[in-house]
Amino acid sequence: MGFRHFYVFGVFPFPCKGLRLVLTSKMFKSRYQQQNEIANLRAQLSQVNQSQSSTYSSPSQTQQTTKPIATKRKISVKEYGIISNKSDYEYVEAYYRKDGTPVRGYYRRRRSK
């Protein structure tokens, strides 16, 4: 059996094996180009990172930390130290309940006027 000839782009006849070589070659070139592009992009990225490392400052230095806003009716003294809306709360002194149980001091929402 002989090889059948196919026309690629209607110009050159290639036997089947030759066509496979051409396709394989094109796939190899495509893969090689992709790998080159990836390598070039990585090189560019590392150059940019190196140039920015001297002028870069960490976010903790440039941005203020945001404190949480409390929404609970009662919060502990520890939580009060963390929140940002401290003016919404008032301190309640430690006291004893009628049955003698001690209650630690805490902060509660200010009462509406």
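In what follows, every heavy atom counts, from backbone to side chain, and hydrogens, waters and symmetry copies are set aside. In this text the structure is predicted, and so the values were computed from the model without any measurement.
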> Which ILVMFWY residues are connected to Ile69, directly or by a chain of links, through side-chain heavy atoms under 4.5 Å apart?
Replying inline: none
> Who else is in the cluster with Val103 when I, L, V, M, F, W and Y are joined by side-chain contacts under 4.5 Å?
Replying inline: Val92, Tyr95, Tyr106
> Tyr96: what forms a ring pair (Phe, Tyr, Trp, His ring centres under 6.0 Å) with it, not counting sequence neighbours?
Replying inline: none
> What residues, two or more places apart in sequence or in another chain, satisfy ring pair (Phe, Tyr, Trp, His ring centres under 6.0 Å) together with Tyr80?
Replying inline: Tyr107
>> If you compare all heavy atoms of Ile83 against all heavy atoms of Ala70, which two are closest, and at what distance to 0.1 Å?
In response: CG2-CB, 3.6 Å
> salt bridge (Lys or Arg N to Asp or Glu O under 4.0 Å): which pairs involve residues 75-84, sequence neighbours left out?
Replying inline: Lys72-Glu79
> Which residue pairs satisfy the salt bridge (Lys or Arg N to Asp or Glu O under 4.0 Å) criterion with at least one member in residues 80-102, sequence neighbours excluded?
Replying inline: Asp88-Arg109, Glu90-Arg108, Glu90-Arg110
>> Using the rule that Ile, Leu, Val, Met, Phe, Trp and Tyr join whenever any side-chain heavy atoms are under 4.5 Å apart, tell me whether Ile82 and Tyr89 fall into a single cluster.
In response: no
With a 3.5 Å cut-off and sequence neighbours excluded, list the donor-acceptor pairs that the side chains of residues 34-45 form with protein atoms.
residue: Asn40; atom: ND2; partner: Asn36; partner atom: O; Å: 3.3

